2 protein chains.
Amino acid sequence: MAKKRTSITDIANQLGISVSTVSRALGGHSAISDATTKRVVALAKALGYQPNNLAAGLRRGRSKMLGVIVPHIDGNFFSQVVKGIEAAASKAGYHVLICQSNEDVAHERENLETLMNAQVEGILVSLARTTREFQHFEDVRKRDVPLVFFDRILEGYDVSAVVLDDRAGGYRATRHLLDQGYRRIAHFGGPQHLNIYKYRRQGYEDALREQNIPVVEELTIISDMKMEDGAAGMKQLLALPQPPDAVFSASDFSVVGALEVLKERGVRVPQDMGLVGFSNELFSRLTEPKLTSIDQHCELMGTAATRLLLQIMEEQDQHFTPRHVVLQPDLFVRASSLRQAP
Amino acid sequence: MAKKRTSITDIANQLGISVSTVSRALGGHSAISDATTKRVVALAKALGYQPNNLAAGLRRGRSKMLGVIVPHIDGNFFSQVVKGIEAAASKAGYHVLICQSNEDVAHERENLETLMNAQVEGILVSLARTTREFQHFEDVRKRDVPLVFFDRILEGYDVSAVVLDDRAGGYRATRHLLDQGYRRIAHFGGPQHLNIYKYRRQGYEDALREQNIPVVEELTIISDMKMEDGAAGMKQLLALPQPPDAVFSASDFSVVGALEVLKERGVRVPQDMGLVGFSNELFSRLTEPKLTSIDQHCELMGTAATRLLLQIMEEQDQHFTPRHVVLQPDLFVRASSLRQAP
DNA sequence: ATACCTTATGCAAACGTTTGCGTAAACCGA
DNA sequence: TCGGTTTACGCAAACGTTTGCATAAGGTAT
């Protein structure tokens, strides 16, 4: 038998005034005398009154909730982004509803549905790996729910988004290897329909071309970027008639896999093989040698995306032109790519 | 100018029937003829109707939302637990509101407030490190909102909770070191008012006593368990007249810090010093040597806690007796503690 | 034809707020 | 004394559902 929670009406009755007066008093409305305001606030506290956001949201048409869809919430990157999102949202008085798509576009569709049922005022989403079309997002747009993508976006779908300058990341990583004297640089890439992997690769190729180094096809290996993939990729590279002297990987995980293979085979890092990863995962400081990597400022991405969303929500009138925020990556140089004295 | 979302009333009007009929039709109520049900469902789909959970929740008194408070959502442990929570909750048709206390009891209090305002039907919480009293949780109880704690609980506060058998974890870790022939085993512990650290230590001491090995005070070092703390702790231990030959740490992070110090000083792991950590962090497989660690089944803890909460919510009548679920930890043996052939 | 049951639907209240509009009382200057 | 303004509050509708109760139509047994 759940106790009835005390409502604004209870306060009104006990004080012999109307609910509207109570509502305004609690809302700090100017047209209420100080005297009654004090009485109301006092009684509210005494009764342990808790406003009912559902009711308020219903009436106002504003739920004060934001929706987030991530492929999965565990793992370094997304958990940090979500941390940033939650922080920024709660600072603005918003709650955050979190859904996981599990890298599955069907789930993603469901998530959108349930978020809209929950009456969120805006949605932040990073695409599932299997998402290749955007009909479900168009449905959201039709209902005028503001939408902001982050990190993983769909090529050719013009929407507001916060992304990393992945091309710059790839370029700087590769450029750093070149500066260290590496000349035959391989690349581990991810699924190319995802912007992030496509641009990281592009940065890699741009850096090579800039130095008139040909981009040779068998030095680029596309995979899902797990540790195993990195190990397999490295074996493949080492079996080449002319193996590379460095690898720029679009993920730290595959670098770790590769590193293990190199240790087994007695290939020295960074002397015989330079390595640069991507994401600056926690563990990149813990391997032997420590990994050079590109930092994505995950938490910042979360707060930036949230702020952009809140902005768009405010100017609901003209959301014709999608807006973009591009974050600059940072290169953290560590032992795995330091062949020359720094 | 946000388009008016289509409501149940719109459907009723267009079909010339009453809202109640529409509501029942969509709810699959038996007393509605197949014919009208079909018409309603068809039109609903055509109009892109989305039920408004706020309204339904208000009327029913059930928001279909759960609240979660974690110290922080990034990091391996909590992000995995939250993953488990979200999965279990959404399977049961619940949404999850996530708050971070930032290890601060004041935030924790605020979080409770806002979650209750949001009308969550139950709350899952893992304590902030600075929480030493439970008045704010008593307030929640008074309002009859079911509460389930996980992992970090307050000693002497009898509530429903899902916890790891930390004593068993500490015991098994230490016992493993003993089995490997280590005899002078040190311990890195965390804040002792938190159950988890207290019991891990207890398990450590139990294992020693069982073998009639005295527990010597200067071999236990209490800290915040960061990497730096581990490094400092190891230096302190090595400066002892009789340094230990192994360390059981209640956190993987401090082990990593310690490991770096050992490498600098040329102390060999596991020959001269055995190491066992706690949490089985991702990186424990990536250090050199790999770290033996205790696995906490983080995701399982999340689903277990959620299931317990849902159960308690169902039996709102007699929630007098708090219920407990205790998860058994697993020992993952790796190179850092393997002095003898396995 | 009457009484009664079943089936399918409608009426209206309720959930707890917010808010536009109306109004009584008090005050003010002339 | 009066018209006008200000101040402080109340009325009632509205947000979009759900649901207990009433009711109309149709059927069946008597």
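Letters go in sequence order (proteins before strands), and every chain restarts at 1. Computed from a prediction, not measured in an experiment: that's the story for all the values here.
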Problem - Nearest-angstrom distance from the residue atom CD1 of Ile8(A) to P of dT19(C) - result: 11 Å

Exercise for the section: Classify the ring geometry between Tyr157(B) and Phe137(B) as parallel (under 30°), tilted (30 to 60°) or perpendicular (over 60°). Expected result: tilted

Exercise for the section: Output yes when a side-chain donor or acceptor of His136(B) lies under 3.5 Å from a complementary backbone atom of Ala106(B), and no otherwise. Expected result: no

Practice task
Looking at every strand, decide which applies to Ser23(B) at a 4.0 Å heavy-atom threshold: base, sugar-phosphate, or nothing.
Solution key: base

Handout entry: Separation of atom NZ in Lys64(B) from atom P in dT18(D), rounded to whole Å
Key = 13 Å

Completion exercise
The answer to which of Ser18(B) and Leu58(B) contacts DNA chain C further toward the 5' end, by nearest nucleotide, is Ser18(B)

Practice task
Starting at OG of Ser63(B), measure out to CG of Leu97(B) and round the result to the nearest 0.5 Å.
Solution key: 8.0 Å

Practice task
Check whether the side chain of Arg59(A) and the base of dT17(C) form a donor-acceptor pair under 3.5 Å.
Solution key: no

Completion exercise
In whole angstroms, the gap separating P of dG10(C) from NE2 of His29(B) amounts to 14 Å

Exercise for the section: Provide, to the nearest angstrom, the distance between the CZ atom belonging to Arg39(B) and the P atom belonging to dT9(C). Expected result: 9 Å

Completion exercise
Atom CD of Gln50(A) and atom P of dT17(C) are separated, to the nearest Å, by 10 Å

Practice task
May I ask you to say what Ala31(B) touches in the nucleic acid, namely base, sugar-phosphate or nothing, with a heavy-atom cut-off under 4.0 Å?
Solution key: base

Practice task
Starting from P on dA8(C), measure out to CG on Leu15(B) and report it in whole angstrom.
Solution key: 17 Å

Exercise for the section: Would you indicate what Gln119(A) reaches in the nucleic acid, counting non-hydrogen atoms under 4.0 angstrom: base, sugar-phosphate, or nothing? Expected result: nothing

Handout entry: Sugar-phosphate only, base, or nothing, as touched by Ser20(B) at under 4.0 Å among non-hydrogen atoms
Key = base

Problem - Spatial distance of atom CG (Leu164(A)) from atom CE (Met301(A)) [nearest 0.5 Å] - result: 5.0 Å

Exercise for the section: Calculate the interatomic distance between Ile32(A) atom CD1 and dT19(C) atom C1'; express it in whole Å. Expected result: 12 Å

Practice task
Report yes if a donor N or O on one partner sits less than 3.5 Å from an acceptor N or O on the other, where the partners are the side chain of Arg24(B) and the base of dG20(D); otherwise report no.
Solution key: yes

Practice task
State the OG1-CG distance between Thr303(B) and Leu308(B), to the nearest 0.5 angstrom.
Solution key: 11.0 Å

Practice task
Identify which nucleotide among dG16(D), dC9(D), dT17(C) has an atom closest to any side-chain atom of Ala55(B), counting heavy atoms from C-beta outward.
Solution key: dG16(D)

Practice task
Answer with base, sugar-phosphate or nothing: what part of the nucleic acid does Ser7(B) contact at a heavy-atom distance below 4.0 Å?
Solution key: sugar-phosphate

Handout entry: Gap between atoms CD1 and P, on Ile11(A) and dG16(C) respectively (whole Å)
Key = 12 Å

Exercise for the section: Would you classify Leu54(B) as touching base, sugar-phosphate or nothing, given that sugar-phosphate means primed atoms plus P, OP1 and OP2, and contacts are heavy atoms under 4.0 Å? Expected result: nothing

Handout entry: Side-chain N,O (Thr21(B)) to OP1/OP2 (dT9(C)) below 4.0 Å
Key = no

Problem - Residue whose nearest DNA chain C nucleotide is more 5′ - Arg60(B) or Gly16(B) - result: Gly16(B)

Exercise for the section: Name the closest nucleotide to the Ala56(B) side chain, picking from dT9(C), dG16(C), dT18(D). Expected result: dT18(D)

Completion exercise
The reported gap from CZ in Arg129(A) to CD in Glu108(A) (rounded to nearest 0.5 angstrom) is 13.0 Å

